[in-house]
Amino acid sequence: NRAFEGSLPLEHPFVTDRVVAVVLELGDAQWQAIQDDPLAEQYHPGAIVFDGLRVDNVAIRTKGNSSLRQTAEAGSTRFPFKVDLNYYDDTQRLLGMKKLSFGNGFRDPSHLREHVTYGVMRDFGLDAPRTGFVELFVNETRLGFYTLTEVIDSEFLESHFEEDEGDLYKPELMSGNLGWRGDSIEDYPDANLKTNEDSSDQSAFLSFVDGLNSGQVKEVLDVGSALRYLAVSALLVNLDSYLGPGHNYYLYDQSGQMTLLPWDVNMSFGGFSCSCSPEELLGLLIDEPICAALSEKPLVAALLEDPERLATYESHLQTLLDGLLSPEALATRVYDAAAVIRQAVADDPTRTFTLEQFEQNLDEDIPEGTRVLFGLTSFARRRGEVVSGQLSGDLARSNGGMGSCEASFGQGGGQPGGGQVPAACERDADCEGSCPVDLGACVCASMGAGASRCLPGCTQDSDCPTMMGTPLVCGPS
């Protein structure tokens with residue numbers, strides 16, 4: 001992000017040289033309704049005051065998966081929020097934006113994973129959202145330091161693409177793995193068209209999945225940007241993405257060719273374990289940077305099966321290691337941003353990590369049960385050493401198509417035949433990030449003989465995944 005100098009008016013809201021005060025104004029009844037049922041994610045009328053600029057008649061709601069659910073379960077009001085400026089008035093904007101997304105720093109003591117990752121992606125030539133630093137209030141209640149993230153919507157498309165009226169999709173499980181499931185859009189119930197909802201026949205998505213799975217990846221995908229996305233995601237171990245559960249990305253169609261757009265990268269730097277051990281996260285294999293069998297991730301398989309594309313990917317990895325993700329460059333990016341937000345983090349009344357943990361996690365790991373919240377600068381250094389070793393041939397870079405982790409709880413992987421082995425645990429907290437968020441929260445369930453594993457919560461048998469080829473049934477944890 002480019003820093004701003006001077007005073008208002010701003011050109012856009014993504015300010016990174018200071019922390020901007022933002023007030024969400026809600027009636028008492030509306031704010032109470034949100035607190036009573038934050039998981040409803042229901043819009044309520046209100047106003048927003050952004051660095052002194054007021055916009056009335058906006059819609060405000062909570063948002064998120066684990067970041068919202070676990071905040072609510074903790075009894076905190078530090079919810080992530082989305083503000084829709086044109087929900088009631090489709091001509092209304094705030095500094096050119098129709099929507100604003102406020103992240104609450106979930107599971108990130110540094111508060112910088114999202115900001116740093118998007119910044120690297122943009123500087124590496126990807127169409128990625130901008131971020132900003134804000135101190136968020138609801139009425140007179142100070143919630144604390146949040147990250148503002150640019151929403152991928154029609155405004156984003158207009159600013160990034162010459163053709164800005166194509167279909168935009170946000171795939172989720174299970175459509176999000178992009179495997180071939182049939183020739184009807186009904187076979188992909190989670191493709192999630194976000195534009196042209198009333199006019200599109202969604203043939204663009206069908207053609208894309210067909211081409212991806214039939215050896216025509218160059219015809220249906222912007223291969224150049226996809227390889228860049230893969231290189232950054234592999235180096236920063238961004239597994240809460242296509243590389244893991246198969247979500248947190250968008251696909252945008254331009255004349256029959258899809259561009260992959262990154263989204264929700266707040267658990268990069270190995271923050272989403274995907275049932276990989278800390279050692280496996282640091283050692284994520286560059287030829288199989290996934291926590292599933294390669295056969296379950298046709299986008300990765302199609303990109304890397306061609307020698308020319310593989311060479312381009314390797315070149316991208318080396319370029320990142322020598323430049324944007326070198327230890328020196330990454331440390332400068334982290335420390336510069338930390339200097340801006342440090343006081344706001346110190347003054348944050350609802351923070352989930354201490355100021356000491358904020359300072360520590362800029363550089364050092366923080367153990368968390370059987371998992372680790374990696375320090376940003378030391379992670380970049382260690383990960384860089386591993387990837388350099390894999391590129392040189394000194395370290396293994398593939399695993400026979402079985403993915404990077406022994407205990408993959410994704411869609412196959414980890415075991416021959418696509419078996420799925422949940423992570424070991426001692427308590428529920430060990431299971432955070434150990435299963436796809438769309439399956440709900442994992443709990444530490446007894447498997448007998450003194451062993452416990454992370455399994456998704458459930459209310460009925462149909463909620464349960466398959467383990468080692470056998471459908472699980474819902475029972476007491």
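Being a predicted model, the structure only gives us computed values, none of them experimental.
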Exercise for the section: Would you mind telling me which of Val134, Leu100, Val22 makes a side-chain contact (heavy atoms from CB on, under 4.5 Å) with Pro13? Expected result: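 Filter result, single survivor: Leu100.
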
Practice task
Report the residue from Ile60, Thr149, Leu148 that forms a side-chain contact (heavy atoms from CB on, under 4.5 Å) with Phe102.
Solution key: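 Checked Ile60, Thr149, Leu148 against Phe102; only one passes side-chain contact (heavy atoms from CB on, under 4.5 Å): Leu148.
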
Practice task
Indicate whether any N or O donor in one side chain lies under 3.5 Å from an N or O acceptor in the other, for Thr117 and Asn238.
Solution key: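 Result is no, nothing qualifies.
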
Got a donor-acceptor contact below 3.5 angstrom from the [X] side chain to the [Y] backbone?
X	Y	value
Ser315	Ala311	no
Glu296	Ala293	no
Ser233	Leu230	no
Asn361	Leu373	yes
Asp84	Ala59	no

Assign the ring pair [X] / [Y] to parallel, tilted or perpendicular, where the plane angle (0 to 90°) is split at 30° and 60°.
X	Y	answer
Tyr250	Trp263	perpendicular
His316	Phe124	perpendicular
Tyr249	Tyr242	perpendicular

Handout entry: is_close_aromatic(Phe133, His115), centroid dist under 6.0 Å
Key =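 Yes - the distance between ring centres of Phe133 and His115 falls below the 6.0 Å cut-off.
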
Handout entry: Other residues, nucleotides, ligands: >12 heavy atoms within 6.0 Å of Asp36 CG
Key =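 Check passes, neighbour count above 12.
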
Exercise for the section: Return the minimal non-hydrogen interatomic distance between Cys291 and Cys276, and the atom names on each side. Expected result: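 For Cys291 versus Cys276, the nearest heavy atoms are CB-SG, 3.9 Å.
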
Exercise for the section: For the residue pair Arg113 and Ser268, establish whether any side-chain heavy-atom pair is separated by less than 4.5 Å. Expected result: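 Yes. Closest side-chain heavy atoms under 4.5 Å.
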
Problem - Side chain proximity check, Val138 to Phe79, heavy atoms < 4.5 angstrom - result: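 No, their side chains stay 4.5 Å or more apart.
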
Problem - Any pair counted as ring pair (Phe, Tyr, Trp, His ring centres under 6.0 Å), so long as it reaches residues 17-44, sequence neighbours left out - result: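 Of all non-adjacent pairs touching residues 17-44, those that pass ring pair (Phe, Tyr, Trp, His ring centres under 6.0 Å) are Tyr43-Tyr87.
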
Practice task
For residues 357-377, pull every pair meeting ring pair (Phe, Tyr, Trp, His ring centres under 6.0 Å), keeping only residues two or more places apart or in separate chains.
Solution key: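 The answer is Phe374-Phe379.
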
Exercise for the section: May I have the step-by-step check of side-chain hydrogen bond (donor to acceptor under 3.5 Å, both in side chains) for Gln318 and Asp322, ending in yes or no? Expected result: CA-CA 6 Å; Gln318 191 63 59; Asp322 293 340; 3.1 Å; yes

May I ask you to say whether [X] pairs ionically with [Y], meaning some side-chain N is under 4.0 Å from a carboxylate O?
X	Y	value
Lys98	Glu158	no
Asp123	Arg333	yes
Lys170	Asp264	no
Asp51	Arg18	yes

Practice task
First locate atom CZ of Arg69, then atom CG of Asn65, and finally report the distance between them rounded to the nearest 0.5 Å.
Solution key: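 The distance works out to 7.0 Å.
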
Practice task
Any chance you could measure His160, atom NE2, to Ile152, atom CD1, to the nearest 0.5 Å?
Solution key: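 The distance works out to 8.0 Å.
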
Practice task
Let me see the working for Arg93 and Leu85 under side chain to side chain contact (heavy atoms under 4.5 Å, CB included), right down to the final yes or no.
Solution key: CA-CA 6 Å; Arg93 305 286 188 274; Leu85 282 299; 5.7 Å; no

Problem - Test: Arg130 cationic atom under 6.0 Å from Phe156 six-membered ring centre, within 45° of axis - result: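 So Arg130 doesn't make the cation-pi contact.
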
